[in-house]
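Quick note on labels: first sequence line is chain A, next is B, and so on, each numbered from 1.
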Number of protein chains: 2
Amino acid sequence: MRKACENPPKPTVERLPIYRRALEILLDEGCEYTSSCELAELAGVTASRLRKDLSFFGRFGTAGMGYPVRELLDAVNSILGTDRLRDVLLVGMGNLGRAIANHAPLRKCGFRIAAAVDVSPAKVGRVICGVRCYPPSETARLVREGGIEFALLTVPPGAAREAAERLAEAGIKAILNFTPVHLRLPRSVVVEEVDFGILLQKVAFAVTQGGGENA
Amino acid sequence: MRKACENPPKPTVERLPIYRRALEILLDEGCEYTSSCELAELAGVTASRLRKDLSFFGRFGTAGMGYPVRELLDAVNSILGTDRLRDVLLVGMGNLGRAIANHAPLRKCGFRIAAAVDVSPAKVGRVICGVRCYPPSETARLVREGGIEFALLTVPPGAAREAAERLAEAGIKAILNFTPVHLRLPRSVVVEEVDFGILLQKVAFAVTQGGGENA
DNA sequence: TCATGTGAAGCACTTCACAGCA
DNA sequence: TGCTGTGAAGTGCTTCACATGA
């Protein structure tokens, strides 16, 4: 039954966005240099893990000095692609879709909601939360002409599968899936599930498990 | 610098909610028995991984037959605590807060938004999206009298730290943190971060990394 | 002297492969 | 015969500890 499939080569790399966030805080505070200890503390990892992670991409520090904040942040931004603005397609302009369209912090990560797709005739053609709304039939055109690579899937559960397949056919590269539906798409499409219910179950279980000793 | 701290004893267990979701689908389809292969396929894991995970909690299958869907689902629900309804406190009744208050699938996981907290006088005292809104000063009372263990943090970034500390003092057990702020709380509080920006960066990076071969 | 970068040891999780049972 | 449950092997990530260089 199926080998080690869902284990793509993520060699510690998904921690880079967290380092990036910590570096921005240090930059805002006016720090010019930081150490692997300080940065690791801010990011919530160990110092050696941080150094290993960074060393995977190059040498950014100076022995005896630490890391130059500005330069390291630039390097991380370059690696992550957050040094440029990238367009995102919002699929499903319901409550969650509107909340995300208004979610300011996405901008700071270099993402812009370029357009939205929704089945409701009442929404199509209008600009909602600063985003123009199109019918699902326009999906492929929007993706192609806009050069859009990423989609946020915020449709009702029953519409998730069809919408995701439409996105895959349109050539989208990655989907952030907010629906409680496990999508089965070609491996060329990166899918990340964000299921609020599963996340709540996870923390709830963690509480009942480790829930003996309190500080 | 700080040992292996943020690595709580999650022994493969965070996959249980995914099995639960798959089992509910099978139950809806009227299946009485399933196999580790079928269930693993639905959940997106390997069959041996599934069997190991389940065997951690007991013996639920019959050799040669497979697993009885109804019984296994009951067992998983019992383990996860999803067999009973649990109250959740919503902190921050903004766009995202309202979207989550309206998010139907949470109910199917056994969670109910029991109350909301918001600083806005225009919201306090009203019922929004079916949830009554209280001022932040009522946090401790709500948690105590309602026996609430879980909170959803959906306030603006600038208010996150203070709101989280108030929750910790009120005795909340776990926080699902939707703000792009790294919370530093006593270890007795379980914190799970759900940062849309970081998630998008993660998939974006995955695309640029593995982005050579398409099907 | 001090902190980075990195080989080596250690650890945990995943997969393999088969004994056991219906 | 077929599938579960599980010890054993395998793999990859994390931590340790020190050589290196400022």
Using a cut-off of strictly less than 4.0 Å, decide whether A:Tyr33 has a side-chain nitrogen or oxygen near OP1 or OP2 of C:dT4. no
B:Glu192: partners by salt bridge (charged side-chain N to carboxylate O under 4.0 Å, His left out), with sequence neighbours left out: A:Lys202
From CG of B:Leu54 across to P of D:dT4 the rounded distance in Å is 10 Å
Within the structure, does a side-chain N or O atom of A:Arg51 lie under 4.0 Å from either OP1 or OP2 of D:dC18? no
Heavy-atom nearest pair, B:Gly44 first then A:His182, reads CA-NE2, 4.2 Å
Tell me whether A:Glu165 is salt-bridged to A:Arg184, with the criterion being a basic N under 4.0 Å from an acidic carboxylate O. no
Between D:dT4, D:dT15, C:dT4, spot the one nearest the side chain of B:Tyr67, thanks. D:dT4
Are B:Ser35 and D:dC3 close enough that a side-chain N or O sits under 4.0 Å from OP1 or OP2? no
Spacing of A:Leu50 atom CG relative to C:dT6 atom C1', expressed in whole Å: 14 Å
Residue B:Ser55, side-chain atoms from C-beta onward, closest of D:dG5, D:dT15, C:dT15: D:dG5
Measure the distance from CZ on B:Phe56 to P on C:dA12 and round it to the nearest whole Å. 13 Å
A:Glu24 with A:Arg20: basic N within carboxylate O range, under 4.0 Å: yes
Whether the side chain of B:Lys52 and the base of C:dT15 hold a donor-acceptor pair under 3.5 Å is what I'd like checked. yes
Looking at D:dT14, I'd like to know if its phosphate oxygens (OP1 or OP2) sit under 4.0 Å from a side-chain N or O belonging to A:Ser48. no
Measuring centre to centre across the rings, with the benzene-like ring taken for any Trp, is B:Tyr19 within less than 6.0 Å of B:Tyr67? no
Let me check something: any side-chain donor-acceptor pairs from residues 25-34 of chain B under 3.5 Å, sequence neighbours excluded? List them with distances.
| residue | atom | partner | partner atom | Å |
| --- | --- | --- | --- | --- |
| B:Thr34 | OG1 | B:Glu38 | OE1 | 2.5 |

Phosphate contact (D:dC13 OP1 or OP2) by A:Arg49 side-chain N/O below 4.0 Å: no
Round to a whole Å and report the spacing from CZ of A:Phe57 to P of C:dT4. 18 Å
Nucleotide N/O of nucleotides 20-22 of chain D paired with protein N/O under 3.5 Å:
none

Within the structure, does a side-chain N or O atom of A:Ser36 lie under 4.0 Å from either OP1 or OP2 of C:dT4? yes
Is B:Asp53 paired with B:Arg49 through a side-chain N to carboxylate O contact shorter than 4.0 Å? no
